[in-house]
Amino acid sequence: MNPPPYTLLRFNEDYRYLADPANRTDRFDPLKYIPLDSTNPNSYLSLGGEIRERFEAFSNPDFGVGPRAIETDKYLLPTHHTQRRPARQ
């Protein structure tokens with residue numbers, strides 16, 4: 001089974017297809033589908049994250065008085081999504 005395409009809003013992604021271990025081909029698949037109930041494959045936890053980096057340089061922040069200012073910001077944004085749906089009968 002092919003994985004579904006990525007969506008613009010990550011909470012719309014559905015990883016229930018990973019309930020079948022045969023579909024887990026990516027090294028991050030164990031983090032995308034963590035079962036919460038062994039009898040209900042529709043209840044799972046999905047972990048993820050993203051890294052963002054920003055770089056800024058100002059040549060004249062104080063009108064040429066003082067040293068040149070350089071700022072670098074790095075962000076690590078962990079995410080989680082819990083999906084609990086009733087078992088199909």
Side-chain angles (χ1 to χ4, degrees):
M1 175 179 221
N2 292 329
Y6 289 109
T7 62
L8 291 176
L9 301 173
R10 301 300 301 260
F11 61 82
N12 286 334
E13 293 176 1
D14 186 359
Y15 293 112
R16 286 181 290 170
Y17 75 98
L18 294 174
D20 180 0
N23 292 330
R24 299 180 193 172
T25 57
D26 187 79
R27 66 179 177 164
F28 294 112
D29 285 348
L31 295 175
K32 293 178 187 175
Y33 183 86
I34 301 169
L36 298 176
D37 182 355
S38 61
T39 62
N40 182 3
N42 294 322
S43 294
Y44 65 92
L45 174 69
S46 182
L47 302 176
E50 59 185 86
I51 297 174
R52 296 183 184 184
E53 187 169 358
R54 184 179 77 183
F55 174 81
E56 294 181 4
F58 304 99
S59 59
N60 293 315
D62 296 322
F63 300 105
V65 178
R68 181 176 178 193
I70 297 176
E71 296 181 18
T72 302
D73 293 328
K74 295 179 184 174
Y75 303 95
L76 176 60
L77 306 172
T79 60
H80 77 281
H81 177 71
T82 305
Q83 182 108 8
R84 292 191 65 87
R85 296 181 182 174
R88 294 182 182 162
Q89 298 179 8

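Here, residue 1 is the first one in the sequence, and each next residue gets the next number.
- Partners of D29 by side-chain contact (heavy atoms from CB on, under 4.5 Å), not counting sequence neighbours, listed by chain and number: L18, R24, T25, D26, K32.
- Every residue two or more places apart in sequence or in another chain was checked for a side chain to side chain donor-acceptor pair (under 3.5 Å) with Y33, and none qualifies.
- Residues that satisfy the side-chain contact (heavy atoms from CB on, under 4.5 Å) test with I34, not counting sequence neighbours, are L45, L47.
- Taking each heavy atom of D14 and Y44 in turn, the nearest pair found is OD1-OH, 3.5 Å.
- For the pair D37 (side chain) and S43 (backbone), a donor-acceptor distance under 3.5 Å is absent.
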